[in-house]
Amino acid sequence: MTDPHYVDDPSPGSGARTPARAWLPTDAPSSDLSGEWLFRWHPSLSKAPDHEEWPDDEGEWDRLPVPSHWVLAGGGRYGRPIYTTRRFPIPVTGRVPRDDNPTGDHRRFVDLDESWAAHERVLLRFDGVESRYRVWLNGAEIGIGAGSRLVQEFDVTSAVRPGRNVLDVRVHQWSSSTWVEAQDQWWLPGIFREVTLLARPAGALDDVWLDAGFDHQAGAGTITPWLTAPAAAYPVRLRVEALGLDVCWEQPEDVAPIAAGQVKPWTAETPVLYEATVASAGETVRVRLGFRTVRIRGDRFEVNGRPIAFRGVNRHEIHRDRGRVFDVEDARRDLVRMKRHNINAIRTSHYPPHPRLLDLADELGFWVIDECDLESQGFEDVGWADNPSDDPAWSAAYLDRIRRTVERDKNHPSVVMWSLGNESYTGRNLAANAAWVRGRDPGRPVHYEGDLLGEYTDVHSRMYATPDELRRLGEDDAISHDLPPGAQARVRSMPVILCEYAHAMGNGPGALHVYEELFDRYPRLHGGFVWEWRDHALTATADDGTTFLAYGGDFGERVTDGVFVIDGLLGADEVPSPGLAEFARVIQPVRARLGEDGLVVENRQDFADLSAFTLRWRLERDGELWKDGLLEVRAAARSAARVPWPVDPPAADGAEWWLTVTAQLAAPAPWAPAGHEVARSQVPVRPRGPERAPVASAQVTRATPSRDRDVVRVGTAQLDARTGRLLRIGGFEMLDGPALELYRAPTDNDRGSSVVDYLLSGAAEPRQPAPTPSAAQRWRKAGLTRLAPDVLAVDVGADAVEVHTRVGVIGAAHHVDIRFRWWAEGDEVVLRTSVEPSLGWTGTSWPRIGLRLTLPDDVRTAEWFGLGPGETYPDSREAATVGKWRSDVDGLATPYLIPQENGHRSELRWLELARADGRVLRVETRAMADGTLPGFALQRWTPAELEAAAHRHELPPSDRTHLHVDAYHHGLGSRSCIVDVLPEHQLLPRSASWQLRLSIR
């Protein structure tokens, strides 16, 4: 048996490994080895046969596509995926398991013609293998590779031959790489990126780096070439046809910087690329040049002499069916969708992406933080004991990982920062990596959030800072870490970014606009990256054959972090969450607001003026178009222009008037057609206020209620005389209600326990020494899931009916008194609801204060006047505008993968629900005493049914429709990852009174 201890080796690999270099298109011959490979799976490394014992009979092998992950391709025969956010899925003993270490043997036959014998060298490139792997070619051992998401090339010249070649690769699921690859993702073993055989002709180029700088004052570019090539490669010729450059270097000593003359700079807004070729005696490579210069000046992060704002997302590589297997067209669609939602930056969490992704980022325009393949956060659970970041035995592996990150991606203008990795604490190996990066590429800053003392990085990076902490950072008032004086000074001199903020898990995140306002206000704050772009759900099949999207625990993992992998702005089913629309509106490049004598239009771009956009205005009266037209605006980057009103506001007529300004692409872009809307702002002309609410005329006489046995009649409404339940209105049957609703199906953020807790400590210092109970836990403790109504009285008066109900908590004394007061005015029935809590509701928020009406399931459509078209909550409503909207019932729900509260629309003026028989229930609201308008949601399921289901397909069949009309609602926040709902968006127990007007037509 071959000694298996090499899986414990912390070295970066061994054997015929070759130096890291750029990944570039070349005309040198190559052979893509993607396709069907022979495969054998062993549940145990200790029982896997030696290479000499691998069977020659192909019938003893299975077939497996490469690239792939064997846990996704085998239907369970080869193990299952495992999800953890940071915890190691193996014991933290310092020894990699032998018995419990699934191992996959791969074999590929490679047929080569005689031309391959003429090449000076032949390399075998692996773009991504999880985790450690061993390579043989034609029986000769080639070497051992490590670094799952890093390119590794082996020199196989001595082993390769014309004709048939046998390539064998053994891959171990667990290895020393596991200790530094706990990266908040699925553990998915296998050869998941391409394997390529590369011919290296005599006189080929070993490496090429064209560093394209830009002088923003002169408008000129400079190309600084770095070539690694033997003497036989010369002369080497550089051509940039668009710039008229044709330079020949006869020998290595001739290579020198080149003045490129006047060039158009590369930015994320204007991603201008110049095609260059570098030709040697043996090959020609292509490089796309983007002229730009990155510099930190004081506490400003600048590109081409201007400060920039990162309006970004963290991006993992994941697909519901393929895992991390890359598809360039899927990636293009992803990045196009980002551009269409105004996202301008990507952090490649937590490893270098497939190299083609950076080609797309160069082409479409993104600022990229390129992150090293490194995270050791699992050691946090053992107090960071034996953490590799400070262990000299790991220094070579750490340096190899950052070197292969930088060398592969150095030609990409989109990459503006190198990140040393993620959540690996701190230590000498990280500091050494930073020093190496500065020596190799001084033109890009170094990022690492874990360097809290600012000892070896160039930006102060934070995760999940509260708005108050961010404000203090912006004001340079204090740093929210307990730092020694020297570190305080260093950190205060740095630009600040949030490498992670606003956890996009389920319904949320909330308060995006609060963060963006702070980024805008303080120049030192350079924006941040929402966690994260896409859900990581994987396709699975239930016992009954139902296909569904699975998360941690759905594959029987012994250790898992469950739903924490479902935290993206984009669903695994490609459906954008409402959070993505919210983020797009918050970070939009153009914004209109009300000024003293007209409109103010802000250009929030860092480089471009507004010439790429057509600005349109639209004036609406009660949601109906009145007039529209074009808006002529000139504004340079990061400036604002005052614009006269495009039309005189109409005389006061009792209606609501809103002006909407949109910015659309004036011409097609690579990521969207002409006319694509990039921004929308709504300005109140004469908005609705409390005095604008529909109020009954003083001349209208209220109808006298009557009682007939078990039924009370109030105009067209019929109530149950004992319970006060609404039975029907104008022939429109009601199944239940109105009932007090204080609960909501907890969102993922509601379920989050956090060290930030405003209920305990208020807004000033919300951080606690340990995680505090989640909102959902508090709601359950307060009894919101065990409410019991008791009808105290149904009083039939001369002009109204009043139903008084006390809603108590089973096993507790605190309660809520609710009074429904009904009266009729002509064909309309008016319902005034008053809620009064008792004492004893301390220490908790309320999810909502509202009422629920249950209708038959034949409600087909809803039309409303209010905020829309998407869902809105107190801290997530920037994407909505006031208008008239229409939807079917299912379209009003957001199908979150994990069922939870969804679908609320705020600021309702009126709502019309149409049944299959054509009858329409109309609900009109009036503003409450504080000027707030109620909101509504229309659901197929109750909060209890939503909460009980762990997946969408587990929701029960529905035979009814639930209409919620809420006076107030609790915010969303990001408490699933630290940041609580802000105090101004919390709903504390309180009294409330609101009024509805019901009619049938």
Side-chain angles (χ1 to χ4, degrees), residues 23-25 210 212 214 221 240-243 263-277 286-292 303-304 308-313 315 317 319 326-348 353-370 409 411-416 533-534 569-570 574 576 580-581 583-585 587-590 603-615 637 662-680:
W23 196 99
L24 291 171
L210 301 182
F214 179 70
V240 186
E241 186 175 342
L243 297 176
V263 298
K264 295 179 180 179
W266 188 98
T267 74
E269 295 165 10
T270 56
V272 178
L273 295 171
Y274 294 88
E275 295 287 339
T277 60
R286 299 192 310 278
V287 184
R288 295 196 298 183
L289 303 178
F291 290 92
R292 57 105 187 96
V303 177
N304 300 338
I308 66 169
F310 295 102
R311 299 182 174 113
V313 291
R315 180 190 179 274
E317 294 200 328
H319 184 272
F326 184 79
D327 180 271
V328 68
E329 292 308 315
D330 274 357
R332 181 182 291 276
R333 281 189 287 271
D334 250 13
L335 268 60
V336 162
R337 186 181 276 119
M338 290 182 193
K339 292 290 287 190
R340 291 183 176 185
H341 287 84
N342 300 321
I343 292 165
N344 73 354
I346 298 169
R347 176 180 176 226
T348 68
H354 190 284
R356 287 287 286 116
L357 184 95
L358 296 178
D359 289 340
L360 295 173
D362 293 342
E363 172 189 329
L364 294 171
F366 289 91
W367 310 119
V368 174
I369 298 180
D370 197 355
D409 297 341
N411 282 291
H412 291 282
S414 58
V415 176
V416 294
W533 170 243
R534 177 187 284 271
L569 294 168
L570 182 69
E574 308 300 320
L580 181 55
F583 190 44
R585 187 63 56 80
I587 63 175
Q588 63 188 8
V590 183
N603 179 2
R604 305 180 68 240
Q605 298 178 105
D606 295 324
F607 296 92
D609 61 20
L610 296 178
S611 59
F613 307 130
T614 300
L615 272 67
T662 62
Q664 302 169 352
L665 288 180
W671 45 271
H676 168 74
E677 184 177 294
V678 300
R680 173 179 290 254

Exercise. Let me see the working for L243 and F291 under side chain to side chain contact (heavy atoms under 4.5 Å, CB included), right down to the final yes or no.
Key: CA-CA 12 Å; L243 297 176; F291 290 92; 3.8 Å; yes

Quiz item: Salt bridge or not for E269 and K339, using N-O below 4.0 Å?
Solution: no

I want to check something: taking the side chain as every heavy atom from C-beta on, are [X] and [Y] in contact at a cut-off of under 4.5 Å?
X: N344; Y: I308; result: no
X: D327; Y: H319; result: no
X: L580; Y: I343; result: yes
X: T267; Y: W367; result: yes
X: P589; Y: N342; result: yes
X: H412; Y: D370; result: no
X: L665; Y: W671; result: yes
X: F583; Y: H341; result: no

Self-check item: Set of residues satisfying side chain to side chain donor-acceptor pair (under 3.5 Å) with respect to D409, sequence neighbours excluded
Solution: none

Atom [atom1] in [X], atom [atom2] in [Y]: separation rounded to 0.5 Å?
X: L289; Y: D362; atom1: CG; atom2: CG; answer: 10.5 Å
X: F214; Y: W266; atom1: CZ; atom2: CH2; answer: 13.5 Å
X: E241; Y: T277; atom1: CD; atom2: OG1; answer: 9.0 Å
X: L357; Y: R332; atom1: CG; atom2: CZ; answer: 10.5 Å
X: T348; Y: I369; atom1: OG1; atom2: CD1; answer: 8.5 Å
X: F366; Y: L335; atom1: CZ; atom2: CG; answer: 4.0 Å

Where the side chain of [X] meets the backbone of [Y], is there a donor-acceptor pair that is under 3.5 Å apart?
X: Q588; Y: R680; value: yes
X: R292; Y: P413; value: yes
X: E329; Y: R333; value: no
X: R288; Y: D359; value: yes

Quiz item: What's the verdict on side chain to side chain contact (heavy atoms under 4.5 Å, CB included) for L360 and D334, showing C-alpha distance, side-chain angles and the deciding distance?
Solution: CA-CA 10 Å; L360 295 173; D334 250 13; over 6 Å; no

Quick one: closest heavy-atom pair of [X] and [Y], and the distance?
X: R340; Y: P673; value: NH2-CD, 3.7 Å
X: A361; Y: S414; value: CB-OG, 3.7 Å
X: A331; Y: R315; value: CB-NH2, 4.4 Å
X: N603; Y: L610; value: CG-CD2, 3.5 Å
X: D606; Y: A309; value: OD2-N, 3.0 Å
X: E677; Y: R585; value: OE2-NH2, 4.4 Å

Self-check item: Test side chain to side chain contact (heavy atoms under 4.5 Å, CB included) applied to M338 and L364, step by step
Solution: CA-CA 10 Å; M338 290 182 193; L364 294 171; over 6 Å; no

Quiz item: Would you say E574 has more than 12 foreign heavy atoms packed within less than 6.0 Å of its CD?
Solution: yes

Practice problem: Dump the intermediate steps for side chain to side chain contact (heavy atoms under 4.5 Å, CB included) on Q605 and F613, then the final yes or no. | Solution: CA-CA 12 Å; Q605 298 178 105; F613 307 130; 3.6 Å; yes

